[in-house]
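A short worksheet on the structure shown next.
So that the names make sense, note that chain A is the first sequence line, chain B the second, and so on, each numbered from 1.
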Number of protein chains: 2
Amino acid sequence: MPTPERTSIDAIVAAGQEIIEVDGPAGLTMQAVAERVGVRAPSLYKRVRDREALRVAVATASVDALATELEAAGDDLSTLARTYRTFAHAHPEGFRLMFNAAVPHEALERSAAPVIRACATAVGEADALDAARLFTAWATGFLQMELSGAFRLGGDVDRAFEYGLRRLLASLAG
Amino acid sequence: MPTPERTSIDAIVAAGQEIIEVDGPAGLTMQAVAERVGVRAPSLYKRVRDREALRVAVATASVDALATELEAAGDDLSTLARTYRTFAHAHPEGFRLMFNAAVPHEALERSAAPVIRACATAVGEADALDAARLFTAWATGFLQMELSGAFRLGGDVDRAFEYGLRRLLASLAG
DNA sequence: ACCTGAACACCGTTCAAGT
DNA sequence: ACCTGAACACCGTTCAAGT
């Protein structure tokens with residue numbers, strides 16, 4: 001006898017995204033997600049293989065959301081960098097999880113594409129990939145350090161970000 | 001009646017470092033550490049407050065080890081970058097944990113000092129901190145992406161590292 | 001003083017039984 | 001077909017009792 005579905009993979013992932021921002025990555029338990037979507041924990045196994053798959057699904061949703069924002073930001077590297085930073089500030093735990101779960105390659109590629117395209121414009125096709133990696137590595141590392149409090153002491157973090165961005169753009173232009 | 005100590009905080013932290021490299025961060029359980037140092041799990045609570053404190057202690061040990069290697073590397077930014085990368089390759093899980101645990105500020109400062117000093121030589125005292133943040137953010141982000149497999153496809157990763165390093169040094173020189 | 005077994009709460013996961 | 005309670009294994013943590 002068929003029964004109506006009481007939740008969905010989308011609702012489960014959305015619940016996971018909300019939970020990590022409130023309770024941190026350790027709060028992402030099967031029971032917390034189940035309670036939030038209104039089922040019992042065992043029911044989640046109809047939609048996700050295990051907790052690790054749920055972590056990956058939540059991380060992938062974050063990468064997809066980031067990709068959407070980057071695509072809307074256009075081809076300007078400064079705008080892309082600031083969009084990236086705004087995203088990280090808005091969803092710090094989702095941002096962190098992106099680098100702590102095995103996000104499928106297609107999702108990563110989609111979020112990388114706008115940066116690679118902008119770099120191709122700046123340095124030409126031949127060096128576009130290397131330049132995009134330079135740019136993305138800097139932005140990612142900066143945000144990770146900013147969020148983890150590595151910049152706790154000294155200096156203006158906004159100024160350090162703009163300094164890095166300016167230097168990088170100059171380097172790519174040179 | 002006093003009893004002889006059957007383990008030590010150093011042995012516990014060393015066991016934790018070994019465990020994460022073999023079994024990953026999820027393998028760092030109180031029971032696994034206890035077994036490795038030859039006591040029962042409850043005994044660990046004589047030396048560490050809880051599992052999170054153990055994670056922090058292991059991460060801090062990694063930062064200290066990194067700082068020691070950076071101090072020995074000298075004042076050349078290229079050498080510092082390659083030393084950092086060699087360290088990350090040798091202890092990938094220890095490297096990742098450094099950014100996923102609340103390492104005390106003094107440890108972070110000690111590992112940052114060699115880079116700040118090298119940057120002061122390169123760009124002067126006024127911009128040394130911003131330059132060090134640019135440099136460290138790039139290297140950290142690059143390694144994190146390299147280790148997490150974000151560079152899985154396309155291009156030579158070694159070449160991308162050297163490309164980024166060259167561009168950054170040029171930028172700081174300019 | 002440090003160590004341990006026992007106990008408890010909590011979590012991930014499976015599965016037979018419900019609808 | 002999906003959902004659930006019950007069950008099991010495993011883990012973090014506490015604590016009284018041992019030496």
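One can place NZ of A/Lys46 at 16 Å from P of C/dT13, the figure rounded to the nearest angstrom. When rounded to the nearest whole Å, the span between CG of A/Leu44 and P of C/dT14 equals 13 Å. Between the CZ atom of B/Arg51 and the P atom of D/dT14 there is a distance of 15 Å, given to the nearest Å. Going from atom CG of B/Asp50 over to atom P of D/dC11 covers 17 Å, rounded to whole Å. In this structure, CG of B/Leu54 is placed 9 Å from P of D/dG12, rounded to the nearest angstrom. When the C1' atom of C/dC3 is taken as reference, atom CZ of B/Arg6 falls 6 Å away, rounded to whole Å. Distance, A/Tyr45 OH to C/dC11 P: 12 Å, rounded to whole Å.
In this structure a side-chain-to-backbone donor-acceptor pair under 3.5 Å is present from B/Glu21 to B/Gly94.
Between the side chains of A/Glu146 and A/His89, at least one donor-acceptor pair of N or O atoms lies under 3.5 Å. Under the 3.5 Å distance criterion, with hydrogens and angles disregarded, a donor-acceptor pair is assigned to the side chains of A/Arg96 and B/Asn100. Defined by atom type and a distance below 3.5 Å, a donor-acceptor pair is present between the side-chain atoms of A/Arg167 and A/Tyr163. Residues B/Arg110 and B/Thr68 have side chains that bring a donor and an acceptor to within less than 3.5 angstrom of each other. Between A/Tyr84 and A/Thr136, the side chains place no donor N or O within less than 3.5 Å of an acceptor N or O (distance only, hydrogens not considered).
Minimum interatomic distance between A/Leu108 and B/Ala150 (heavy atoms only, all atoms of both residues): CD1-CA, 4.3 Å.
Between A/Arg85 and A/Asp158, at least one side-chain N (NZ, or NE/NH1/NH2) sits under 4.0 Å from a carboxylate O, which counts as a salt bridge. B/Arg82 and B/Asp76 are not joined by a salt bridge, as no carboxylate oxygen comes within less than 4.0 angstrom of a charged side-chain nitrogen. Of the charged side-chain nitrogens involved, none lies within less than 4.0 Å of a carboxylate oxygen, so that A/Glu162 and A/Arg159 do not count as a salt-bridged pair.
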Is there any protein nitrogen or oxygen under 3.5 Å from a nitrogen or oxygen in nucleotides 5-8 of chain D, and what are the pairs?
| residue | atom | partner | partner atom | Å |
| --- | --- | --- | --- | --- |
| D/dG5 | OP2 | A/Arg40 | NE | 3.2 |

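Residue contacts shown for B/Thr7 are limited to sugar-phosphate atoms, with no base heavy atom under 4.0 Å away.
For the strand DNA chain D, secondary-structure stems (runs of at least three Watson-Crick or G-U pairs, all distances below 3.5 Å) span C:4-8 with D:12-16, C:12-16 with D:4-8.
At the phosphate of D/dT4, OP1 or OP2 sits under 4.0 Å from a side-chain N or O atom of A/Ser43. Applying the 4.0 Å criterion to OP1 and OP2 of D/dC3, one finds that A/Arg47 has a side-chain N or O inside that range.
Of the candidate nucleotides D/dC2, D/dG12, C/dT13, D/dC2 has the atom nearest to the side chain of A/Glu5.
Within a 6.0 Å radius of CD in A/Glu52, more than 12 heavy atoms belonging to other residues, nucleotides or ligands are found.
Contacts of residues 23-35 of chain B with DNA chain D (heavy atom under 4.0 Å): B/Thr29, B/Met30, B/Gln31.
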